[in-house]
Q: 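Below are the structure tokens for one structure; questions will follow.
Start at 1 and go down the list; that is how both ligands and their atoms are numbered.
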Amino acid sequence: MTNETEKTLLDAVPTQLFIGGEWTDAAEGRTFDVRDPATGAVIHTIADASPADGIKALDAAVAAQESWAATPPRTRSDILRRAFDLVQEHKEDLALLMTLEMGKPLAEARGEVGYGGEFLRWFSEEAVRITGRYGLNPEGTGRMVVSQRPVGPSFFITPWNFPLAMATRKIAPALAAGCTVVIKPPELTPLTTLYFVKLLVEAGLPAGVVNVFTTTSSSAVSGPIIADPRLRKLSFTGSTEVGRKLIAQAAEGVLRVSMELGGNAPFVVFDDADIDKAVDGAMLAKFRNIGQACTAANRFIVHEKVADDFASRVAERVASMKVGRGTEDGVQIGPLIDDKAVAKAVDLVDDAVSRGATVLAGGKAIEGEGTFFEPTVITEVAAGSDILREEIFGPVLAIATFSDEDEAVRLANDTEYGLVSYVFTQDLARGHRMIDRLETGMMGLNVGVVSNAAAPFGGVKQSGVGREGGLEGIHEYLSTKYTLIPAD
Ligand SMILES: O=CCCC(=O)O
């Protein structure tokens, strides 16, 4: 059941597609329900786009591309900056909306508004710093001009776990660079994007520059857009399995792609680590977003001399975590996104236990309303356990041990993923060695969260292609153009 505040907020969320600057029904007026994972109750009913609706969204983005690319960078920057201010003004609404549709605790949802909003501010600052080069060629016969052009109409498929930040992390650099956008928010958490787009319009975004469709038929609607020769760029955040298929589809049109895919982050604790800091870092790296982050620590690889101490300290913290609907005071662990996520956590824990792991805290799904799983610590996890190989995406902290640095590196790198790693050591030289030796696109050295709008977010190996955020982020939406002009 929703209360009056929640009802008023939900009533303010658009229920239609946003195409060419107009809110419009889906073909044949089709709709679908959005549910609160904490209760299973329907909280909103919104438009369910067809493939034809998707193509209309692309038509609008294509029609707006030339004028948006020609819009002065300062104007693009000002719109993004106003959008940042509006996000701050509507912080409480956006946070509550994310908690309602995704389940994360309200305090964390507020944190996401801060994080997601920063991409708007950062790229409002980057929009006016797109530069080029000018110089004489070596022969002295020509002047070489190197400039940056917007890539063109871009299609975004965003995930359910960070409903605001994953949208702003893609939309803001695209707009800053002069690209128009079609975005498909996730079926499970579409409301935040719809609400955010209302704010973009209020910030002065011209018609057709951002177009949104919501749908229950993701591949059927996305496929024709990706196959359309007018599209220039595809950006996706989600699983490696889906990303691989999208890359294959994008290859047909030789599209630029940015892929932020799965992770299997190692969290390595050396015997010289400050254990208090390692425990604090572990709580963040594991339980942020109820463990449902691609950056979540997946494998705790702890030196055998400190493993018992580390395990008992995290287990004590975990046992006292409050579980409940994210809107309740003091809740640290909300529901998982759906039944499948709960079943996966159950299977991974059962498999590890059947191979000899010990449960120190939690360990089970919570019976009753909603999709809750107890925050869990398991230790003595044996090599070969599924939990060391698969992305958990839930509040389960699994500990295995090592005896020397080479073994720690071997275990940490023993995965096809390479998004982020976490290392705890007080030995500076060892920390530097780990930066070189761990095969990940990002690393936290004595810290449990690395995400920041000013930092290049992305992975190596099967964790993806490209970087979002930082100085690098805008270049995903720019292509380099070289022009030669005779010198005389
Ligand atoms: O789950 C992916 C995004 C996580 C983050 O931006 O910190």
Q: Near Met166, which atoms of ligand 1 are under 4.0 Å from a heavy atom of that residue?
A: 3 (C), 6 (O)
Q: For the residue pair Trp160 and Phe393, is the inter-centroid distance of their aromatic rings smaller than 6.0 Å?
A: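 That pair passes the under 6.0 Å test.
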Q: Can you find a heavy atom in the side chain of Met259 that is under 4.5 Å from one in the side chain of Leu246?
A: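 Answer yes - side chains close enough.
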Q: Would Ala165 count as a contact residue for ligand 1, given that I'm defining contact as a non-hydrogen atom of the residue lying under 4.0 Å from a ligand atom?
A: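 Distance cut 4.0 Å: Ala165 fails for ligand 1.
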Q: Less than 3.5 Å between some nitrogen or oxygen of Cys294 and one of ligand 1, yes or no?
A: yes
Q: Would you mind checking if Asp280 and Lys277 are paired as a salt bridge, meaning a charged N to carboxylate O distance below 4.0 Å?
A: no
Q: Run the salt-bridge test on Arg82 and Glu202 with the 4.0 Å N-O cut-off and return the result as yes or no.
A: no
Q: Counting only N and O atoms by type, is there a donor-acceptor contact under 3.5 Å from the side chain of Glu187 to the main-chain atoms of Ser218?
A: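 It does not hold such a pair.
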Q: Think Arg430 forms a cation-pi with Phe270, using NZ or CZ under 6.0 Å from the six-ring centre and within 45 degrees of its axis?
A: yes
Q: Checking a contact table here: which protein heavy atom is nearest atom 6 (O) of ligand 1, and how many Å away?
A: Tyr115 OH, 2.6 Å
Q: So, Asn161 side chain and Gln292 main chain: donor-acceptor pair closer than 3.5 Å or not?
A: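 Flag set: sc Asn161 to bb Gln292 pair under 3.5 Å.
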Q: Has Glu260 got any heavy atom lying under 4.0 angstrom from an atom of ligand 1?
A: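 Flag not set, Glu260 not near ligand 1.
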Q: Should you measure from each heavy atom of Arg288, which atoms of ligand 1 turn up under 4.0 Å away?
A: 5 (C), 7 (O)
Q: Which atoms of ligand 1 sit under 4.0 Å from any heavy atom of Thr295?
A: 4 (C), 7 (O)
Q: Which atoms of ligand 1 sit under 4.0 Å from any heavy atom of Phe162?
A: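 This gives 1 (O), 3 (C), 4 (C) as the contact atoms.
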Q: Output yes when the distance from some N or O of ligand 1 to some N or O of Thr237 is under 3.5 Å, and no in every other case.
A: no
Q: Please state whether the rings of Phe300 and Phe267 are parallel, tilted or perpendicular, taking 30° and 60° as the class boundaries.
A: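 Taking Phe267 first and then Phe300, their aromatic rings sit tilted (interplane angle of 30° to 60°).
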Q: For Ala293, take its heavy atoms, then give the atoms of ligand 1 lying under 4.0 Å from any of them.
A: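 Counting atoms of ligand 1 from 1, those under 4.0 Å from Ala293 are 1 (O).
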Q: Identify the closest protein heavy atom to atom 5 (C) of ligand 1: which residue and atom is it, and at what distance?
A: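 Going by distance alone, atom 5 (C) of ligand 1 is nearest to Ser451 OG, 3.3 Å.
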Q: Could a heavy atom of Gln292 be found less than 4.0 Å from some atom of ligand 1?
A: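 The answer is no: ligand 1 sits nowhere under 4.0 Å from a heavy atom of Gln292.
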Q: Quick one: sort the Tyr195 and His90 rings into parallel, tilted or perpendicular, breaks at 30° and 60°.
A: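 Geometry flag for His90 against Tyr195: perpendicular rings.
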Q: Does only the side chain of Met442 get under 4.0 Å from ligand 1, or the backbone, or both, or neither? Count heavy atoms.
A: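 Neither; nothing of Met442 gets under 4.0 Å from ligand 1.
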